[in-house]
Amino acid sequence: MTIQRTQHITTAIPFVNASPHIGHALELVITDALARNARQRGVDVRCQTGTDDNSLKNALAAEQRGIPTAELVRHHADEFDALGGALGFARDDFIRTSSDPRHAPAVLALWRRCERAGDIYRRTYEGLYCVGCEHFVTEDELLDGRCPEHARPPEHVSEENYFFRLSRYQQPLLGLIDRGAMRIEPPERRVETRAFIAAGLRDLSISRSRTRARGWGIEVPGDPEQIIYVWFDALTNYISALGWPDEEGDYRRYWCEPAGPTHVIGKGVLRFHAVYWPAILLSAGLPPPRAILSHGYVTAEGRKVGKSLGNAIDPAELVRRYPVDSLRYFLLRHIHTTRDGDFACERLVRAHNSELADQLGNLLQRVTTLIVRHRGGRVPAPHGSTAAEDALAEAATSAVAEVAEGFDRFALHEAAAAVFRLVAAANRYADSAEPWRLAKQPDEQSATRLDTVLYHLAEALRIVAGLALPFTPGSAARIAARIGLDEAALAWGALRWGLLPTGSPVHGGEVLFPKLEA
RNA sequence: GCCGAUGUAGCUCAGUUGGUUAGAGCGAGCGUUUCAUACGCGCUAGGUCCGUGAUUCGAAUUCACGCAUCGGCACCA
């Protein structure tokens, strides 16, 4: 009996005051690729995303447009969910923090747990508040004593809030990081987080006056005049969707297991996930996340994207215009997983045409055509191997190892590159073995040699499909289908050279990646 | 200002603990094949490895300083 590993993989939940942008698409695709690779490797994965409905920004955006906040939130949340669907994001759950009945009870329960631990207390918060900005400003942000944005002096506001004793968790958090119990990737983000914690932690305000929160959000238990700070609320989604505070079921299965929870986030929200969230969990006596993976930001055609900046590149439009796998492939291979990158349609088209179409699609086409034409559409049995076959097998074995390592290191761009090194090796093998020439020879030796070459080419295609699965799932399945296999043949454990069954039915078919117009 | 990074061929990036002529993919040029989506394959193109100084027999790889870009510096996802 084998122990089933489990893993809870999540995206951050974006606030939904506007439509999604290309950065959200990147996060979805990265998370989905990780989840698919884990599933492929036999992990019982639960992949979750959702929306942060309770942000003040949502309320402000709704106010500005003169529509009810709930309506605005529902509208944009639908867009986010639809984007995930269009991108092939295979989610197990989608949680909306304002309307999902599982959420608020969990937030309240978590609050109570922290309270019982003695980590929540009331204190007066004083600060300069800019009514124009709708938030607190610091002295050094001011220009001549005025808010630079609104050219008005801020008001001195004093407000009683609830605070979380974050200061208590400095050592425990450092311990988590140093022991490797909470992994933060890439390494520079771990260093950054560690330095932030080591510099000393101040207690965190975790509520807002009802007025300041526009009456939108979850009430502090027992104090209807205070609304729970949106981060405390939003972070809870990771366990509320698992049914917590019910400590059995999905919570036990996916949160408490050793492989544990993995949060994929944008670098801008690192602190909330790597400092506040684990501290809250420790306070409540719950296990902290096991891994926090921080990706970079995407510019669109060189320009910043952001909800307030408008969408230079609308991801929903991109999915309509380009094949979804091409978009996924571009985002995963040509944008560095943890650094900032730029999205440009021209580069996407170039990657599609030269790599997906010319290298991979064409390989599929040439191999299937040869097998259909010369072996009646059945994968022939190989007869031994020469140095050329051994080299191809070696390339495949290396590629499998490199892809696995790329996923483990959270370097998906490198993993994707490794897939295409195998594609190139297969094309080179075809050129040097020249099966089309063997097919014209009447002798028996050539015929058996042709069997061997075609088998190895088909086997290379199978491995390629398996490795490409997390990046381009639809296309991987189509490649597998063309050589008579289903997805089971692409499981990680099956990606060992030589497991392709002889006699598999091979089909010709439509071009996998039709060229795109520049 | 402080802390942490990044800066390598037109573009996107690799470059382990310092060691022979600095690499890959894409793009570009040339050649070649025909099974294939005029695709593939081969060759070539030549980049002061941001700059300056230092350590060393020897540095893209160590140190210092400078320049440029980015992130963080606490409650504005």
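Computed from a predicted structure; not experimentally measured. What you see below is based on every heavy atom in this structure, not just the backbone, and it leaves out hydrogens, waters and symmetry mates. By convention in this document, chain letters (A, B, ...) are assigned in the order of the sequence lines, proteins followed by strands, and residues within each chain are numbered from 1.
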Practice task
Mind checking A:Val269 for me? I need base, sugar-phosphate or nothing, with any heavy atom below 4.0 Å counting as a touch.
Solution key: sugar-phosphate

Practice task
Looking at every strand, decide which applies to A:Arg421 at a 4.0 Å heavy-atom threshold: base, sugar-phosphate, or nothing.
Solution key: nothing

Handout entry: Nucleotide paired to B:G29 in any strand shown, Watson-Crick or G-U, under 3.5 Å
Key = B:C43

Practice task
Would you mind checking if A:Asp78 and A:Arg96 are paired as a salt bridge, meaning a charged N to carboxylate O distance below 4.0 Å?
Solution key: yes

Problem - Who pairs with B:U37 - Watson-Crick or G-U, where each distance is under 3.5 Å - result: none

Practice task
Measure from the side-chain heavy atoms of A:Arg350 and tell me the nearest of B:G27, B:C35, B:C3.
Solution key: B:G27

Practice task
May I ask you to say what A:Ile206 touches in the nucleic acid, namely base, sugar-phosphate or nothing, with a heavy-atom cut-off under 4.0 Å?
Solution key: nothing

Handout entry: Sugar-phosphate only, base, or nothing, as touched by A:Val230 at under 4.0 Å among non-hydrogen atoms
Key = base

Exercise for the section: Would you classify A:Tyr297 as touching base, sugar-phosphate or nothing, given that sugar-phosphate means primed atoms plus P, OP1 and OP2, and contacts are heavy atoms under 4.0 Å? Expected result: nothing

Practice task
Could you give the distance separating B:G58 and B:G25 at their C1' atoms, to the nearest angstrom?
Solution key: 31 Å

Problem - B:A64 pairs with, by Watson-Crick or G-U criteria that keep both distances under 3.5 Å - result: B:U52

Problem - Length of the line joining A:His295:NE2 and B:C70:C1', which is rounded to integer Å - result: 15 Å

Practice task
Assign A:Leu512 to base, sugar-phosphate, or nothing according to its heavy-atom contacts below 4.0 angstrom with the strands shown.
Solution key: base

Exercise for the section: With heavy atoms under 4.0 Å as the rule, sort A:Ser55 into base, sugar-phosphate or nothing. Expected result: nothing

Fill in the blank from the handout: Taken to the nearest whole Å, CD/A:Glu355 to P/B:G27 is 8 Å

Exercise for the section: Would you mind checking if A:Arg449 and A:Asp443 are paired as a salt bridge, meaning a charged N to carboxylate O distance below 4.0 Å? Expected result: no

Practice task
Give one of base, sugar-phosphate or nothing for A:Arg347, where a contact means two heavy atoms less than 4.0 Å apart.
Solution key: sugar-phosphate

Practice task
For A:Ala357, report the nucleic acid contact type (base, sugar-phosphate, nothing); a contact means any heavy atom under 4.0 Å.
Solution key: base

Exercise for the section: State whether a side-chain donor-acceptor pair under 3.5 Å links A:Asn58 with A:Thr69. Expected result: no

Exercise for the section: Return the orientation label for the A:His273 and A:Tyr238 ring planes: parallel under 30°, perpendicular over 60°, tilted otherwise. Expected result: tilted

Exercise for the section: Using a 4.5 Å cut-off on heavy atoms from C-beta on, say whether the side chain of A:Arg194 contacts that of A:Leu174. Expected result: yes

Problem - Watson-Crick or G-U counterpart of B:U69, or none if no pair lies under 3.5 Å - result: B:A5

Practice task
Quote, to the nearest angstrom, the P distance that separates B:G51 from B:A9.
Solution key: 11 Å

Fill in the blank from the handout: On RNA chain B, more 5' by nearest nucleotide between A:Leu360 and A:Arg189 is A:Leu360

Exercise for the section: Indicate yes or no: does A:Arg409 engage A:Glu185 in a salt bridge with an N to O separation below 4.0 Å. Expected result: no

Exercise for the section: Take atom P in B:G27 and the same atom in B:C39, then report the distance between them in whole Å. Expected result: 10 Å

Problem - Crowding at CZ, A:Arg122 (>12 non-hydrogen neighbours, <6.0 Å) - result: yes

Practice task
Name the closest nucleotide to the A:Trp436 side chain, picking from B:U37, B:U34, B:G71.
Solution key: B:U34

Handout entry: Distance, C1' atom - from B:A54 to B:G71, rounded to whole angstrom
Key = 30 Å

Completion exercise
Looking only at B:A14, B:C11, B:G25, the nucleotide nearest the A:His336 side chain is B:A14

Handout entry: For atom CG of A:Leu422 and atom P of B:A24, their distance in whole Å
Key = 19 Å

Practice task
Can you tell me the pairing partner of B:A74 across any strand shown, Watson-Crick or G-U wobble, with both distances under 3.5 angstrom?
Solution key: none

Exercise for the section: Just compare B:A74, B:C75, B:C41 and give me whichever is closest to any side-chain atom of A:Arg208. Expected result: B:C75

Polar atom pairs (N or O), protein with nucleotides 5-9 of chain B, under 3.5 Å:
none

Completion exercise
So, with a heavy-atom separation below 4.0 Å from RNA chain B, the residues of residues 362-375 of chain A are A:Asn362, A:Gln365, A:Arg366, A:Thr369, A:Leu370, A:Arg373

Fill in the blank from the handout: Side-chain contact check for A:Phe196: nearest option of B:U37, B:G25, B:A74 is B:A74

Problem - Along RNA chain B (nearest heavy atom to each residue), the more 5'-positioned of A:Arg428 and A:His334 - result: A:His334

Handout entry: Out of B:A74, B:C70, B:A14, whichever nucleotide has its closest atom nearest the side chain of A:Lys267
Key = B:C70

Exercise for the section: Using the P atom as the reference point in each nucleotide, state the distance between B:C41 and B:U33 in Å, no decimals. Expected result: 16 Å

Practice task
Please determine, for the side chain of A:His413, which listed nucleotide (B:C35, B:G40, B:C13) has the closest atom?
Solution key: B:C13

Problem - A:Gln359 CD to B:A36 P, straight-line distance once rounded to whole Å - result: 19 Å

Handout entry: Option among A:Phe330, A:Tyr329, A:Phe513 that satisfies the side chain to side chain contact (heavy atoms under 4.5 Å, CB included) test with A:Glu355
Key = A:Tyr329

Handout entry: d(CG, A:Asp342; P, B:C70) in whole Å
Key = 14 Å

Exercise for the section: Please measure how far the P atom in B:C43 lies from the corresponding atom in B:G23, and state the result in whole Å. Expected result: 14 Å

Handout entry: Sugar-phosphate only, base, or nothing, as touched by A:Gly508 at under 4.0 Å among non-hydrogen atoms
Key = nothing

Practice task
Run the salt-bridge test on A:Asp358 and A:Lys515 with the 4.0 Å N-O cut-off and return the result as yes or no.
Solution key: yes

Exercise for the section: Using a heavy-atom cut-off of under 4.0 Å over every strand shown, decide if A:Ala234 touches base, sugar-phosphate, or nothing. Expected result: base

Handout entry: Any A:Pro278 side-chain heavy atom under 4.5 Å of A:Tyr169 side chain
Key = no

Problem - Pair A:Ser446, A:Gln441: side-chain N/O donor-acceptor within cut-off below 3.5 Å - result: no

Exercise for the section: May I have the distance from A:Arg437 (atom CZ) to B:C41 (atom C1'), rounded to whole angstrom? Expected result: 13 Å

Completion exercise
Under a 3.5 Å limit on both distances, the Watson-Crick or wobble mate of B:U20 is none

Problem - A:Glu159 side chain vs A:Ser209 backbone, donor-acceptor pair below 3.5 Å - result: yes

Practice task
Determine the contact category for A:Glu434: base if any of its heavy atoms lies under 4.0 Å from a base atom, sugar-phosphate if only primed atoms, P, OP1 or OP2 are that close, otherwise nothing.
Solution key: nothing

